[in-house]
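Remember, it's 1-based here, ligands and their atoms both numbered in the order they're listed.
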Amino acid sequence: MKTVTIKRYSNSFDLECSDIAPDKSISHRCAIFSLLSNDTSTIKNFLLGEDTISSLSIAEQLGAEVLRDGSNITIKPPKKLTEPNDILDCGNAGTGMRLYAGLLAGVDGSFILTGDKYLRSRPMNRVTTPLREIGAKIDCREEGNLAPLSIRGGELKAFRYNSPIDSAQVKSALILAGIQAEEVSYYKENLLSRDHTERMLRGMGAKVDIGEDGWIKIEPLVKPLKPLNIRVPADPSSGFFFAVASAITPNSKTIIKNVTLNPTRIEAYKILEKMGAKISFVEKENLYEPIGDIEISYNGKLSAVTVENNIAWLIDELPALSIAMALAEGKSVVKNAKELRVKESDRISTVLEGLTKCGVETIEHKDGYEIIGSSLKSSTINSYGDHRVAMSFAIAGVNCGMKIEDIECIDTSFPNFFDILSQITQLG
Ligand code: S3P
C-alpha cells in the first residue's frame with residue numbers, strides 16, 4: 001500500500017493548470033460510443049487513467065481496433081461487435097460497468113462484466129432492474145444487484161421509465177438500450193443529471209431529445225452513427241481539488257484551462273463562490289458542450305453554506321468541498337446526498353472519519369452531514385481505496401500537513417495529481 005506525506009504550505013501560490021486530467025465521464029463515453037459508428041473516431045486528450053483505460057480495453061475486446069499515440073487515440077469499430085473470449089474487466093469504474101451493461105444488453109452474445117472488489121460491492125440493480133424489465137437477460141449475485149454481471153444480449157422492448165434516482169449512469173445505460181429497441185422509448189429523471197451522453201450521441205447523429213416536460217425521447221438507431229471527432233476537455237471534478245486549495249490558501253489563485261463548463265458539472269464551483277471565493281468562468285468554445293477556463297482566487301476566510309439542491313451536479317466534488325467547509329466560519333450542512341453512500345466508498349462515512357481525525361466536529365445523517373468549521377490538524381488518513389477521498393485530504397494537507405494511506409486509487413482518474421500538487425507544496 002503506497003502512502004504520501006504532504007507538507008503544510010505557508011506561502012501563497014499562483015497556479016496555471018493546463019494539464020488537469022481529461023474528463024473521466026466524457027472519456028468513458030468516447031470509448032463506448034465509438035462502437036456505435038461504422039467509421040473511425042478520433043479522440044484527442046483521452047484520459048489515461050485506469051478507469052477509462054478499462055473501458056477502452058473492453059472496446060478492443062469487443063472487436064474495436066485502437067491506435068494509441070499517448071493520449072491521442074483512434075478507435076475503429078468492428079462491423080458487428082464480437083463476443084469476447086474472456087470476461088470484461090471494468091476495474092474500479094461504475095460508469096464503465098453501468099454503460100456497458102446498457103449497451104451489451106442489446107447485443108447478440110454472452111458477456112461478463114466484472115470489476116475490482118470495490119466495484120463488485122456497489123449496487124447494480126439500479127440498471128439491472130429497468131434493463132430486465134425491457135427484456136434484458138442479466139444474471140448476477142444478490143438477485144441482480146452485485147457484479148459480476150452475466151449478460152446474454154438480445155432483443156429489447158421500448159420503454160417509458162421515470163427513474164427514481166438522478167443518475168447519469170442509469171440514464172446512459174437506458175439510452176444505450178433505448179437506441180437498440182424497436183420502438184421509441186422515453187426516460188425521465190427529477191433533476192437533469194450530467195448530460196454528456198445526450199449531447200455526444202446527438203452530435204453523432206442520434207435522436208435523443210429532451211422535451212419541455214422533462215421526458216427524453218430516445219429513437220431507435222436506423223443506421224450507424226457518425227464517428228466522434230473530439231478533444232476531451234479537462235475534468236472539472238479533478239480541477240476542483242486545486243480550486244479548493246486556492247480558496248483556502250491566503251493570496252492564492254488557480255486557473256484551470258480548457259475545462260468543460262457544462263452546467264451539470266460546475267455547481268461545486270458555484271457553491272465555493274457562495275462561500276466567499278472569487279470565481280470567474282470564461283467560455284472559449286463549444287464542442288459537444290461549452291469549454292473554457294475557470295479562475296479561482298482566495299478572497300478571505302470562507303463562510304459556511306447549506307447544500308441541498310442540485311445534488312447530482314456536485315456529488316463528485318462533495319469530499320473536496322467538505323475540506324473547504326471544515327475551514328469555513330460556521331456550520332455547513334449537506335442534505336439529500338444519500339448517493340454519497342454508494343460511490344467508490346461510502347463517502348459520508350469516509351469523509352467524516354477523516355475530518356474527525358483532523359480534529360473537526362461533524363454530525364452524520366443518513367443522507368448527509370454537518371461540519372462545524374474550525375481548523376484542521378495534521379493526521380494520517382486512510383482513503384479506503386477512494387480516489388476522491390485521497391485527493392481531498394491531500395489538499396487539506398496543503399493547509400495543515402497530512403499523511404495519506406492507500407493512494408494507488410488516484411491513478412483511476414488523475415494520474416498526474418501529485419505532479420501538480422508538488423508545484424504548490426512539498427511531498428514526501
Ligand atoms: C458519472 C455519473 C455520476 C458520477 C460518476 C460519473 C458518469 O454517477 O458520480 O463519477 O460518468 O455518468 P451517477 O450517475 O451514478 O450519479
Side chain to side chain donor-acceptor pair (under 3.5 Å) with Ser237: which of Lys24, Arg388, Arg265? Arg265
Quick test of your reading of the structure: of Glu317, Arg388, Gln169, Arg126, whose heavy atom lies closest to atom 5 (C) of ligand 1? Gln169
Got the closest protein heavy atom to atom 15 (O) of ligand 1, with its distance? Ser167 OG, 3.1 Å
Between Phe242 and Phe414, what is the ring plane arrangement, given parallel below 30°, perpendicular above 60°, and tilted in between? perpendicular
Nearest-neighbour protein heavy atom for atom 14 (O) of ligand 1, which is reported as residue plus atom name and distance: Ala168 N, 2.7 Å
Polar proximity ligand 1 side, Glu344 side, N/O cut 3.5 Å exclusive: no
Which of the atoms in ligand 1, numbered in the order shown and given with their element, are less than 4.0 Å from a heavy-atom of Ser25? 1 (C), 6 (C), 7 (C), 11 (O)
For atom 8 (O) of ligand 1, which protein heavy atom lies nearest, and how many Å away is it? Lys343 NZ, 3.0 Å
State whether a side-chain donor-acceptor pair under 3.5 Å links Ser345 with Thr350. yes
For ligand 1, which atoms, with element, lie under 4.0 Å from some heavy atom of Ile315? 9 (O)
So if I apply the side chain to side chain donor-acceptor pair (under 3.5 Å) rule between His196 and each of Glu289, His28, Arg29, which one comes out positive? Glu289
Phe241 and Phe393 aromatic centres sub-6.0 Å: no
Do any nitrogen or oxygen atoms of Arg98 lie less than 3.5 angstrom from nitrogen or oxygen atoms of ligand 1? no
Please say whether Asp316 places an N or O atom under 3.5 Å from an N or O atom belonging to ligand 1. yes
Structural part of His28 in contact with ligand 1, heavy atom criterion under 4.0 angstrom: neither
What is the nearest protein non-hydrogen atom to atom 6 (C) of ligand 1, stated with its residue, atom name and distance? Thr95 OG1, 3.4 Å
Do Tyr161 and Tyr186 have ring centres separated by under 6.0 Å? no
What do we get for Lys171 next to ligand 1 when only non-hydrogen atoms under 4.0 Å count, side chain, backbone, both or neither? neither
Please say which of Ser349, Ser332, Ser322 ends up in a side chain to side chain donor-acceptor pair (under 3.5 Å) with Tyr369. Ser322
Would you mind checking which non-hydrogen protein atom is closest to atom 12 (O) of ligand 1, with the distance to 0.1 Å? Arg29 NH2, 2.7 Å
